[in-house]
Amino acid sequence: MKASTRISQTQQISRIDRRIYGSFIEHMGRAVYEGIYQPNHETSDENGFRQDVLKLVQELSVPIVRYPGGNFLSGYRWEDGIGPKENRPQRLDLAWQSVETNEVGLHEYMHWAQKCGTEVNMAVNLGTRGIDAARNLVEYCNFEGGTYWSDLRKQNGDEKPFAIKTWCLGNEMDGDWQIGHKTAEEYGRLAEETAKAMKWVDDSIELVVCGSSSSTRPTFVDWELTVLDHTYEYVDYLSLHQYYDNKTDNLAEFLAKSEDMDRFIKSVIAICDTMKAKKRSDKTMMLSFDEWNVWYHSNEETAAQKPWTVAPHILEDIYNFEDALLVGSMLITLLKNSDRVKIACLAQLVNVIAPIMTEKNGTAWKQTIFYPYQQASLYGHGQALTTKVDVATYDTNQFKNVPYLDSIAILNDEKNELVIFSVNKHRCEEIVFTVDSDLGLASVIEATEMADYDPKAVNGPNQELVDPRDSLERIVIDGGRVTINTKPLSWNMTRISLN
Ligand code: AHR
């Protein structure tokens, strides 16, 4: 099968905000305890953080990590996690039926993030709490000094402000599983007043207001319209969350789910622009896709089976090769919409529906989905270019005209490099993908593919068999044309130097 496209510097979608490659750590399951933090582990540093995990997070080059939840957030008191550890309370976490020890709190997490070289996307609890706790937290984190909360930060060991730029106003407030779940009207008003107060403390911060927790929520659209009606002038991003599964074991349909993600994003953009028109506003609302992934291999019941323990094994999905392909396509979809999607968080980062897994008494290892995420995060920087691919399509029960090849081209103008990511969704046919370009193609720097694996193949500790392999011999540059021979069911990355 053949596919073709033409790319040019004049067809720019947008400069990519590096926060599009963000991730997420929630106080749940073994994400924090036995994940990033485990004082008795042989690799742990003097602060109890696992260095094997830190190294893998650094390998991913994660630009921003959302914290501390998730559903956990809606019952969390941030003050429980500051001050001497021996004074910190143990609390019931109602969201995940677990016990939270508060051994890791704000300072510990901020120090870990600094070591990883990542920014923090901090979330404030709008479930059980509100304006006061939120504005105090901004003061604690970002105010220079000379006030109660900023001086308390200093007293707790951090002289300099944390200078956190990106903040979430609650989590999934549209869902009745959320502690303190609200109607759109209730949440809209609270988010509006909280946003005002937080920005009055520090007007340099950026705020993300909660959109729907998935496109299938019955309140989707009405929720966004009501919430934005209240908050449009005070916030900078509207959030989207979406997880996909292959419960019906229909591979073609599963791989088509990136089409649904694209439709969801386009619908949310339309909603934002409707509100922009209604408000006669000059401001364009940007999007934060701050939870996305594949999620279905584990089941949530495991949490309820062993309630009220610290760090239960929950949501520990083991990802297979087909999951990596969909994650690749979802990354391409985010990049295709990078004019509006400025922040996105792969949910989550460690142990809980995550690219990185840990063994309590052993190693940290890479799941299949680690690799497309890593390659995008390392090399997907610069200008996203429009790539309208001419290729055959297929239909499924749910989706029509699904292209067999998904692709995005990125011009890294700092490195003078063109990067092309593509996913071949055909089960048995190679796709010969020709890309014509006026960018001055010189030579291939690197080409890799994830291919030839059983769709159900998985990785494990000391068994990272599903990974990208060199595919240099499958790329041909001839004048202004590069040909990428993509194998059936493959994730491909091609980096080309430019004249
Ligand atoms: O990421 C796991 C959970 O999924 C989060 O806590 C919640 O926000 C979402 O429903």
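Just so you know, residue 1 is the first one in the sequence shown, and it goes up from there. Ligands are counted one by one from 1 in listed order, and the atoms in each one are counted from 1 as well.
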Residue and atom name of the nearest protein heavy atom (relative to atom 9 (C) of ligand 1), distance in Å to one decimal = Glu291 OE1, 3.1 Å
The protein heavy atom nearest to atom 7 (C) of ligand 1 is Asn71 OD1, 3.2 Å
Below 4.0 angstrom, N of the basic side chain to O of the carboxylate: do Arg88 and Glu103 qualify?
-> no
What atoms of ligand 1 come closer than 4.0 angstrom to any heavy atom of Trp96?
-> 3 (C), 6 (O)
For atom 2 (C) of ligand 1, what is the nearest protein heavy atom, given as residue, atom name and distance?
-> Gln348 NE2, 3.5 Å
Where does the angle between the aromatic ring planes of Phe421 and Trp491 fall among parallel (under 30°), tilted (30 to 60°) and perpendicular (over 60°)?
-> parallel
Kindly assign one of parallel, tilted or perpendicular to the pair Tyr33 and Tyr37, based on the angle between their ring planes and the thresholds 30° and 60°.
-> perpendicular
Step through it carefully: locate the ring centre of His27, locate the ring centre of Tyr67, and say whether they are under 6.0 Å apart.
-> yes
Nearest-neighbour protein heavy atom for atom 10 (O) of ligand 1, which is reported as residue plus atom name and distance | Glu172 OE1, 2.7 Å
Consider ligand 1: state whether an atom of it lies below 4.0 angstrom from any non-hydrogen atom of Ile353.
-> yes
Atom 6 (O) of ligand 1: which protein heavy atom is closest, and how many Å away?
-> Glu26 OE1, 2.6 Å
Quick one: does Tyr243 get a heavy atom under 4.0 Å from ligand 1?
-> yes
